[in-house]
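The first residue of the sequence shown is numbered 1, and numbering continues consecutively from there.
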Amino acid sequence: MQILLYNELNPDKITGFRKWRSFIEADDLKSADVKKIGDNLYRARLNRSDRLLLAFYHYQDQRYALVLEYLKSHDYAGSRFLSHGAVIDEDKIPALEHIPDDAPNLAYINAQHGRFNLLDKIISFDDTQQAVFELPPPLVIIGSAGSGKTALTLEKLKACPGDVLYVTLSPYLVKNSRDLYYAHGYENAQQHVDFLSFQEFLESIQVPSGKPIHFREFAQWFSRLPRTPIKDAHKLFEEFKGVITGPSVDSAYLSRDEYLNLGIKQSIFLEDERPVVYDIFSRYLTFLQENQRYDSNILSHQYLERVAPRYDFVVVDEVQDLTNIQLFLILKTLRDPTGFLLCGDSNQIVHPNFFSWSKLKSLFYTHGELQADVDLIRILSTNYRNSPQVTALANRILLLKNARFGSIDRESNYLVQSNGHVQGDVVFLQDRDNIRRELDAKTRSSTRFAVVVMHPEQKAEAQQHFNTPLVFSIQEAKGLEYDNIILYNFLSAENKRFREISAGVTHADLQQDLSYARAKNKTDKSLETYKFYINALYVALTRAVRNLYWIEAESKQHVLDLLGLHDAQETLNLANQNSSREEWQREAHKLELQGKQEQADRIRQEILQQQNPDWAVYTGETLQQLHTQAIQQGDKKARLSLFEVALVYEDRQCLRDLIKVEFKPARHPANGIKQLQQKYYLPYQLKNPVALRNQLNKFGVDFRNPFNQTPLMVAAWLGNSSLINELAALGAKPEYVDNNHFTAFQIALQQASKDEKYAKHHLASIYRQLAPDSLSIQIDGKLLKLDQHSMEFFLLNLMIALFYRALPLKIGGNGGFGTQDIIDAVAHFPPDILSPQRKQRAYISSIFSKNEMYRDDRYNRKLFYRVRQGHYLFNPSLMLKVEGEWVNIYDMLDLDKLAYHPADTPDWWSEHDQARWDAWLDAGRDHIKHQLQQVRTAMLNDALSMLKSLCEQELRKIQDS
């Protein structure tokens, strides 16, 4: 048996490792003292106190022991790989006599290296990947789809200390990469990592006013313009984004003269077309201004003056989706301008940006501190994702592209080698009724088949023939992967363009390896014109992991002949493919995360057939109407409903109002809670909640009950961990908020802070499922993402959860949250949720102090306003992103709701006592409001003073010039 070590382990520092290794390599499990403690997880005894954690795998008929972790003093509680709180009684576990036959298989192992890396799964780098992994920055990694470039960059990210940034255009890729990075409880105390989409990166400099312009909105605007000789909206958008505004870092956009004088190869349009193009661009600028929209390229240039060095290392993933000015802005945040790693694939460009690796290198050489002879670029040419059959076809497209247009640049001049561990097929089909009907009948119920077309407007035609919700245009399909892709009339819809793409190319041209050669005719703009179409074809078919079903109405096209697709089949033999309801629910959730809302909605409407609930949901206007009916109109039924709402939300203001109108149950709310749980929440507490599952199937996983709670919120309120796991698996959204603007995570914190049993027995099992990756806040007009790992993230969420319960006792004394309030709230929180060190008074005080809004500190998040020594409220300018919208903290948390503190009114509590209590609370609330208003006024005056100073400086500059 061979041994592989996790790359962060140093065998020289593991006592007794060499001797233990000899036992394993000799298959002597008895001497190695191996015992099973989990699912493919084993412990091995090194000596009296130290242990190793390992897993067994197979690869190509060879057995491997993968050493995952070194535990000193059998510290199982501190293991990354064991459930927190797990108790291992070694004496009760029998010794392992032989390696299990059902050990899982790995897709690839480089046994020569002797090491493996770990994200969400085992990763073994091939020789090329390992060589790149060992190189210092700066680096540019070029790799095809499935080449492992993202995994490689994330592993390199782990080795970088200090302040680190991972940024890419796609929000989904950001989330996915962040989840991969922190998989299996990975932590690195030597670094602080920001995972940001490019939009979030812009907001981290300054949250812009308005919204970004996207192609769909641009195309709608362009279609409303008076008649113009320019007809192609996509081509025009690419010219705006990739030529007029994108490449230059010296100006926000080219002047008219600069644009008209560009060289032949620097623009998509011919010289006589450019005046019209620039006229439209001028109208585009007016449109942006009048409609509160912004162009991210223009904004990036404006932000060059705002940005400052703040990162020690930057990773830019899918760099081909960014323009020069966007990339330049990112690199301006580096303290050391060489501390970057870029990765991408120019063959996957379907976003309009006029990208090429040669232009990227020119940017480095003319604007960076890199030398022109620095060897930055490494190429990963092995594909581990697609079947060999799909990869072979993708290579023929690259050969066609090279033969027709010449080489774009040296860095894109490579073919892909397949190391895919699955076999597949490429099936060429004639567009016939029987083919479409059979393919539709066999695949429409499967989450493993997707239909891809070239343009968004072609989706409607495809949807007439294919009833699957998984129909995508090529821009939507980028970043997705399915076992099976149906490519529908991809060429026939653009027959003329693909005839021009394949013009003059012969079979002999595609028999050779790629050769580096520029196009001979410098005036030939065909590459710029047709780049989108040939790239779109490459991207579309590489979405197929196993099989490609290619349907064309015109099956005798020259392109198809060159690609080796002859004699389209007129029949199809395919088994029925069906997916479960749960698989479709997960697919909808995944697509929603990826921003594919249209397809997610179609799944819920057409496959899951979800409906809207038939009851009233008390929130917003409906809640206000209920309050009016109950308090002012004396409606008894409304009073009961309002009482129930008040119990759910511990709404002391509503309870006070009900007491004033002599609704007696409001004096003893504890009695009502038991009845409330029986009436509304019993289905959530059953081991087999059949009735609840029927509701989930009928209304969807995020339906709202009458109290505006989702099932996940209710499960969190009750601490039902098994139900939370079930809901999370179905894609329940943890970011949704209730009437208090609390998420399910904050509801769990609220319950755990007041209930010792809940904290001890429920919180540990539900915390990771409910906690978001990060909390997006806005301070001083800038986005900050508080990662789940930070104490600031925990403290801010806890204070929100405590707001309505803990703060009423404080406001009469002109106070705020104190360290003791936090200590009391977390007293029973398990150590794997909050370590003993983080519960210490000194540590909590230091977090409060470090984040005071007026404190000058590099890592100050400015979260808190100090009311008096050791007592804090939220910074009144603090904003949080709630369900995608920015909301001020005191618009989200209502100070006027801080009323009626006692949880259950004692018998001696009189109207006079209530009046005194109300007066005390009112005075306290008014005082806090006055304080916060004073702070806001002071902040506004400071901002105006700063603006005046800047204006005076600019005026002096103008006078001096």
Side-chain angles (χ1 to χ4, degrees), residues 167 169-171 174 196-226 228 233-234 236-246 248 251-256 277-307 321-323 325-326 329-330 351-353 456 475 595 597-598 620 735 776-785 877-892 936 939-940 943-944 946-947 950-951:
V167 62
L169 191 68
S170 163
V174 171
L196 303 176
S197 68
F198 183 73
Q199 176 65 28
E200 290 174 326
F201 172 75
L202 288 175
E203 293 181 348
S204 74
I205 300 171
Q206 186 73 36
V207 175
S209 59
K211 296 182 179 180
I213 182 76
H214 298 295
F215 174 70
R216 178 172 294 183
E217 190 176 11
F218 173 85
Q220 291 171 351
W221 166 77
F222 179 65
S223 69
R224 296 193 298 267
L225 291 180
T228 170
H234 188 279
L236 188 68
F237 195 54
E238 177 161 7
E239 187 82 348
F240 286 4
K241 300 289 284 185
V243 177
I244 299 179
T245 66
S248 174
S251 59
Y253 50 85
L254 299 180
S255 68
R256 186 182 187 89
V277 170
Y278 204 86
D279 288 342
I280 300 173
F281 177 72
S282 298
R283 301 178 73 168
Y284 168 71
L285 294 177
T286 303
F287 165 76
L288 294 176
Q289 187 173 10
E290 291 177 348
N291 292 272
Q292 282 290 292
R293 296 293 184 269
Y294 63 84
D295 183 300
S296 58
N297 285 337
I298 296 174
L299 188 71
S300 294
H301 185 270
Q302 294 169 353
Y303 278 9
L304 289 177
E305 294 184 353
R306 295 177 179 268
V307 75
D321 293 339
L322 300 175
T323 62
I325 184 60
Q326 292 170 347
L329 181 68
I330 293 170
H351 291 282
N353 59 8
Q475 279 95 354
Q597 192 63 48
E598 176 190 330
E735 68 269 23
S776 291
I777 66 172
Q778 185 185 149
I779 292 289
D780 296 338
K782 300 177 182 180
L783 165 77
L784 287 172
K785 286 179 78 172
S877 69
L878 173 66
M879 300 185 77
L880 284 79
K881 188 162 278 189
V882 179
E883 296 184 1
E885 299 294 333
W886 288 113
V887 182
N888 181 272
I889 186 72
Y890 290 110
D891 290 332
M892 187 182 90
R936 285 193 175 109
M939 293 170 66
L940 178 60
L944 291 173
M946 185 180 299
L947 179 60
L950 290 171
C951 290

Legend entry - Non-hydrogen atoms of Leu299 and Pro208 that approach each other most closely: CD2-CB, 3.8 Å

Legend entry - Residue pair Lys881 / Ile777, side-chain heavy-atom distance below 4.5 Å: no

Inset, instruction - Please tell me if the side chains of Leu784 and Gln778 come closer than 4.5 Å, counting only heavy atoms from C-beta onward. - result: no

Legend entry - Heavy-atom side-chain proximity of Phe237 to Lys241 below 4.5 angstrom: yes

Legend entry - Heavy-atom side-chain contact between Gln326 and Ser300 under 4.5 Å: yes

Legend entry - Check: Thr245 and Ile325 side chains under 4.5 Å, non-hydrogen atoms: no

Legend entry - Smallest separation among heavy atoms of Pro171 and Ser197, with atom names: CA-CB, 4.1 Å

Legend entry - Exam field: side chain Asp891 to backbone Val887, donor-acceptor pair closer than 3.5 Å: no

Legend entry - Closest heavy-atom pair and its distance - Leu202, Ser296: CD1-CB, 4.3 Å

Inset, instruction - Evaluate whether atom CD of Gln289 has more than 12 neighbouring non-hydrogen atoms of other residues, nucleotides or ligands under 6.0 angstrom away. - result: no

Legend entry - Thr286 OG1 to Glu290 CD distance, which is reported to the nearest 0.5 Å: 6.0 Å

Inset, instruction - Say whether Tyr284 and Asp295, considering side chains only, have a donor N or O and an acceptor N or O under 3.5 Å apart. - result: yes

Legend entry - Approximate separation, where rounding is to 0.5 Å, of His301 NE2 and Ser248 OG: 6.5 Å

Inset, instruction - Any chance you could measure Ile213, atom CD1, to Gln292, atom CD, to the nearest 0.5 Å? - result: 12.5 Å

Legend entry - Within 6.0 angstrom of Phe222 CZ, more than 12 heavy atoms from elsewhere: yes

Legend entry - Centroid-centroid distance, Phe240 to Phe218, less than 6.0 Å: yes

Legend entry - Check: Lys782 main-chain N/O paired with Asp780 side-chain donor or acceptor under 3.5 Å: no

Legend entry - Pairs involving residues 214-223, ordered by first then second residue, that meet side chain to side chain donor-acceptor pair (under 3.5 Å) (sequence neighbours left out): Glu217-Arg293

Legend entry - Sub-4.5 Å side-chain heavy-atom contact between Ile330 and Leu322: yes

Inset, instruction - Please check if the distance between the ring centroids of Tyr278 and Phe281 is under 6.0 Å. - result: yes

Inset, instruction - Provide the closest heavy-atom pair for Gly210 versus Tyr294 in the form atom of the first, atom of the second, distance. - result: O-CE2, 3.6 Å

Legend entry - From CG (Leu880) to CD (Glu885), nearest 0.5 Å: 13.5 Å

Legend entry - Pairwise side-chain contact, Arg256 with Asp279, heavy-atom cut-off 4.5 Å (strictly under): yes

Inset, instruction - Locate the shortest heavy-atom distance separating Trp886 from Val207; write the atom from each residue and the value. - result: NE1-CG1, 3.9 Å

Inset, instruction - Find the distance between CD (Gln199) and CG (Leu783) and round it off to the nearest 0.5 Å. - result: 9.5 Å

Inset, instruction - Report the distance from atom CG of Asp321 to atom CZ of Phe198, rounding to the nearest 0.5 Å. - result: 12.0 Å

Inset, instruction - Answer whether the closest heavy-atom distance between the side chains of Met879 and Ile889 falls below 4.5 Å. - result: no

